[in-house]
Amino acid sequence: MGKSVVFMSLAKKYAEVSNFPGTTVEVSRGKWRGNPLTDTPGVYGLAGANEEEKLAEALLAQADLAVNVVDATRLSRDLFLTLQLLDRGLPLVVVVNMMDEARNGGLFLDLAKLEALLHVPVIPATAVKGEGMAELALALESLLKKEKKSPRRQEESAELRIRANSIYRQVAPPLAKPAFSRLDRWLTGGLTGLFSAALVLAMIWWLLGGVVAGKLVDFTEGVVFNRWLLPPLVRLLGGLLPPGLLRQVLIGDFGLFTMALAYAIGLLLPLVFSFYLLLALLEDSGYLPRLAVLLDNSFRPLGLNGRAVIPLILGFGCVTMAVVSTRMLSSRRERLILIFLLGLAVPCSAQTGITALMLVPLGMGWLVLYGLILMGVFLAVGGLLNKFLPGQATGLFLELPPLRLPRLGNIWRKAWKKSWSFLGDAIPLFALGAVLVASLDHLGILARLELTLAPWTRGWLGLPPQVVSSFILGMIRRDFGAAGLMALALAPAQRFIALMTLTLFVPCIATLLVTVKEQGLLMALAVWFSSVLTALAVGGLLNLVL
Amino acid sequence: MNLLSAFPGKRYLVLKIKDPLARRQADCLGMGEGEEVYCVARKANGPVILGRGGQMVAVGGKIARGIQISPRRGPKR
């Protein structure tokens with residue numbers, strides 16, 4: 001609809017924009033001429049069908065006025081929400097966005113008549129080009145002086161739809177036949193769809209594992225950090241600081257500079273940024289809802305429907321954000337199953353990057369085995385949850401946005417914003433991890449822990465005792481733990497077992513906190529402990545087999 | 001007949017939607033009871049892709065089985 005683009009234009013602040021509703025998982029707040037401005041989740045109605053609609057409804061209850069952004073090419077659909085907003089008595093301005101697409105498609109809309117029928121200002125706009133934004137500002141100025149009216153009786157959805165259709169017929173030509181392109185057919189068809197999905201996945205792995213992990217990280221970590229930045233810094237601080245805890249915490253093996261910053265910026269930032277670029281491409285093209293159609297039936301044994309694909313794929317970017325975006329699912333049961341699976345068996349972009357970096361040199365076989373085991377755990381745990389949780393799966397009902405060529409500017413800004421937020425989340429946690437492990441190391445506790453846990457590490461997992469520090473770091477962030485493995489000399493099978501165990505290991509602290517917020521402490525603890533058990537069970541079994 | 005028996009490319013009138021949540025969502029999108037929709041594509045057990053104007057909705061097999069439709073002939077409404 002372009003709601004977030006209109007928000008950005010008014011607030012002069014970036015808000016996430018995608019080619020389907022549900023991307024505004026976090027409410028963006030800004031200011032317009034000193035007045036607070038809120039970007040609500042994208043919804044088509046206020047029926048309370050999911051958490052997003054409930055959130056939008058709660059935000060509207062606090063608002064003094066509302067800007068209703070409708071899509072000129074989908075006016076019939078969007079008038080439903082317009083009428084719901086009018087019935088709530090809020091002073092309203094309707095922005096008819098994407099007028100350029102309507103004009104190009106030969107769709108004529110009588111907006112003067114629409115304004116007369118709705119009794120509120122109607123502004124034609126093409127928000128991405130800034131068209132109509134000055135008129136919107138003028139309309140908002142005059143609307144600020146208006147008082148809220150008392151709300152009208154809430155009509156049944158069927159009655160509202162009849163009113164919306166009646167208004168639509170007076171301002172627009174009859175609806176055209178829907179266009180389902182050959183590409184749509186290809187992407188959603190059984191074999192062709194699976195082939196396309198495999199192709200997309202292979203391309204992501206090749207770009208991430210081969211190009212970014214192989215070439216870019218070699219430069220950022222190997223040259224920039226290990227050759228240019230760290231040696232002079234270690235020399236400088238080494239000269240200034242006497243041997244002791246502070247020196248170890250700053251520039252020791254697990255130091256703030258030598259490990260936390262080098263991992264976060266030199267190693268993970270290029271991987272995360274590249275992954276977000278690819279993810280933004282998928283999001284903005286409209287491919288993800290097609291993938292939801294393709295995989296709908298495959299999700300049934302897990303108690304989910306195809307809609308779950310969207311938070312799941314977002315989870316490959318950042319699991320914490322994906323946990324929040326499970327709000328788009330219709331039932332609490334589905335959210336619970338998906339949050340469990342996200343915490344357990346979905347590696348985030350940073351961890352995927354490290355896995356690619358460490359497994360690609362070993363050969364494709366290891367990479368395929370990694371994917372198969374992860375999928376096996378995912379299916380087994382999802383199937384068990386579906387069997388034992390009370391209730392039933394809901395069916396798929398999902399709007400398919402048109403396939404669009406993504407706008408490069410938006411992709412770049414979105415990837416940059418998410419990577420920036422990754423750094424903001426990761427660096428304090430990395431620093432905490434570095435201080436913790438360096439202190440444990442300095443006090444000799446790490447060595448004692450390694451010795452105590454040796455029956456598990458060496459006996460059960462077949463790994464050297466030094467992996468204990470990686471697992472401690474992994475409790476803070478799994479990617480941080482996985483990065484720690486790179487410093488260890490491991491045989492191919494050991495490397496594989498360590499990576500697999502860490503992938504299934506506990507979700508990072510940020511995910512844990514969001515899970516507590518979304519599903520309660522009990523559920524968060526259940527995810528945490530079952531992750532530990534699953535990780536150790538799979539790691540141990542692999543050690544027996546490999 | 002239910003939605004799983006629809007033929008791609010044909011027009012249908014939506015008579016009844018059993019699932020209450022899907023009924024509300026369909027009303028929001030203009031594809032509710034009493035509306036005319038196109039069957040755009042269909043897999044044997046769902047999803048069925050319905051179209052109306054420029055918009056499309058994928059309906060999973062479980063919901064599609066509970067949607068009653070009747071074929072439309074003659075001029076478009």
Side-chain angles (χ1 to χ4, degrees), chain A residues 43-50 53 71 73-81 84 101 105 107 156-162 164-165 168 172 174-180 184-185 188-190 289-290 292-294 296-297 300 305-307 330-331 392-402, chain B residues 2-4 6-67 72 74-77:
Chain A
V43 292
Y44 297 133
L46 299 168
N50 52 32
E53 291 192 4
D71 179 345
T73 64
R74 312 273 191 281
L75 188 60
S76 165
R77 173 196 70 191
D78 293 346
L79 279 173
F80 184 91
L81 177 63
Q84 278 191 318
E101 280 192 26
L107 176 68
E156 286 293 320
S157 58
E159 292 170 12
L160 263 178
R161 173 43 62 192
I162 291 169
N165 286 355
Y168 180 80
L175 292 166
K177 192 176 174 181
F180 196 63
D184 271 316
R185 215 170 290 282
T188 53
R290 270 119 189 123
V293 172
L294 180 74
D296 182 47
N297 291 335
R300 259 191 242 168
N305 66 51
R307 193 182 265 263
S330 310
S331 76
Q392 275 191 329
T394 62
L396 176 75
F397 196 93
L398 180 69
E399 206 214 355
L400 298 184
Chain B
N2 73 32
L3 197 54
L4 284 179
F7 288 101
K10 301 283 179 198
R11 268 186 302 143
Y12 295 92
L13 183 70
V14 179
L15 299 174
K16 188 97 196 133
I17 302 176
K18 195 174 160 195
D19 185 290
L21 189 60
R23 195 186 314 133
R24 281 207 301 271
Q25 287 175 300
D27 281 332
C28 283
L29 295 168
M31 296 191 184
E33 293 171 2
E35 300 286 348
E36 198 175 274
V37 294
Y38 275 91
C39 171
V40 176
R42 175 177 64 88
K43 290 184 187 176
N45 292 316
V48 182
I49 299 177
L50 294 180
R52 179 178 181 265
Q55 70 194 80
M56 287 184 287
V57 166
V59 184
K62 192 174 172 183
I63 293 178
R65 217 163 278 126
I67 297 183
R72 294 287 296 185
K76 270 200 304 182
R77 285 201 318 177

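Naming convention: chains lettered A, B, ... in sequence-line order (proteins, then strands); numbering from 1 in each chain. Computed from a predicted model, the values in this text were never measured in an experiment.
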**Student:** What is the distance from atom CE of B/Met31 to atom CZ of A/Arg161, rounded to the nearest 0.5 Å?
**Tutor:**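 Those atoms lie 9.5 Å apart.
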
**Student:** Testing the basics here: between B/Gly61 and A/Asp296, what is the closest heavy-atom pair and its distance to 0.1 Å?
**Tutor:**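 The answer is N-OD2, 4.3 Å.
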
**Student:** A/Phe397 versus B/Leu29: any side-chain heavy-atom pair under 4.5 Å?
**Tutor:**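 Answer yes - side chains close enough.
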
**Student:** Determine whether B/Ile49 and A/Leu400 make a side-chain contact, defined as any pair of heavy atoms from C-beta on separated by less than 4.5 Å.
**Tutor:**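 Counting from C-beta outward, B/Ile49 and A/Leu400 do come under 4.5 Å.
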
**Student:** How far apart are the closest heavy atoms of B/Arg52 and A/Leu175, and which atoms are they?
**Tutor:**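 Closest pair (atom of B/Arg52, atom of A/Leu175, distance): CZ-CD1, 3.4 Å.
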
**Student:** Is it true that, when you exclude A/Glu159 itself, more than 12 heavy atoms of the residues, nucleotides or ligands shown sit nearer than 6.0 Å to its CD?
**Tutor:**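 More than 12 within 6.0 Å, yes.
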
**Student:** So how far is it from B/Arg24 CZ to A/Glu156 CD, rounded to the nearest 0.5 Å?
**Tutor:**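 B/Arg24 atom CZ to A/Glu156 atom CD measures 9.5 Å (nearest 0.5 Å).
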
**Student:** Is it the case that the side chain of A/Asn165 and the backbone of B/Gly30 share a donor-acceptor pair, with hydrogens and angles ignored and the cut-off at 3.5 Å?
**Tutor:**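 Absent.
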
**Student:** Non-hydrogen atoms of chain A under 4.5 Å away: do they reach the side chain of B/Glu33, the backbone, both or neither?
**Tutor:**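 The answer is neither part of B/Glu33.
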
**Student:** Would you mind telling me which of B/Gly60, B/Ala41, B/Gly66, B/Ala58 has the largest number of heavy-atom pairs within less than 4.5 Å of chain A?
**Tutor:**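 Heavy-atom pairs under 4.5 Å are most numerous for B/Ala58.
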
**Student:** Out of curiosity, B/Glu35 CD to A/Ile162 CD1, how far, rounded to the nearest 0.5 Å?
**Tutor:**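 Here the rounded value is 8.5 Å.
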
**Student:** Would you say that B/Lys62 contacts A/Asn305 through its side chain, given a criterion of any heavy-atom pair below 4.5 Å between the two side chains?
**Tutor:**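 The answer is no; the side chains never approach within 4.5 Å.
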
**Student:** Could you report the tightest heavy-atom contact between A/Asn297 and B/Gly46, atom names first, then the distance?
**Tutor:**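 Between these two residues, the closest heavy atoms are ND2-O, 3.0 Å.
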
**Student:** Quick check on A/Ala179 against chain B: is it the side chain, the backbone, both or neither that has a heavy atom closer than 4.5 Å?
**Tutor:**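 For A/Ala179, the backbone is the part near chain B, not the side chain.
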
**Student:** What pair of heavy atoms forms the shortest contact from B/Gly9 to A/Lys177, and how long is it?
**Tutor:**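 Closest approach of B/Gly9 to A/Lys177: O-NZ, 4.3 Å.
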
**Student:** Hey, is the main chain of B/Cys28 close enough, under 3.5 Å, to the side chain of A/Arg77 for a donor-acceptor pair?
**Tutor:**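 Looks like no, no N/O pair under 3.5 Å.
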
**Student:** With a 4.5 Å cut-off on heavy-atom pairs, point out which of B/Val37, B/Val59, B/Leu50 contacts chain A the most.
**Tutor:**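 Maximum pair count with chain A is reached by B/Val59.
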
**Student:** Name the region of B/Ala26, side chain, backbone, both or neither, that has any atom closer than 4.5 Å to a heavy atom of chain A.
**Tutor:**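 Contact with chain A is through both the backbone and side chain of B/Ala26.
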
**Student:** Between B/Asp27 and A/Ala158, what is the shortest heavy-atom contact and its length?
**Tutor:**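 For B/Asp27 versus A/Ala158, the nearest heavy atoms are OD2-N, 3.4 Å.
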
**Student:** Contact between B/Lys43 and A/Leu294 at the side-chain level, heavy atoms closer than 4.5 Å - yes or no?
**Tutor:**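 B/Lys43 vs A/Leu294: side chains touch.
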
**Student:** Measure the CD-CD distance between B/Gln25 and A/Glu53 for me, rounded to the nearest 0.5 Å.
**Tutor:**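 CD of A/Glu53 is found 7.0 Å from CD of B/Gln25.
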
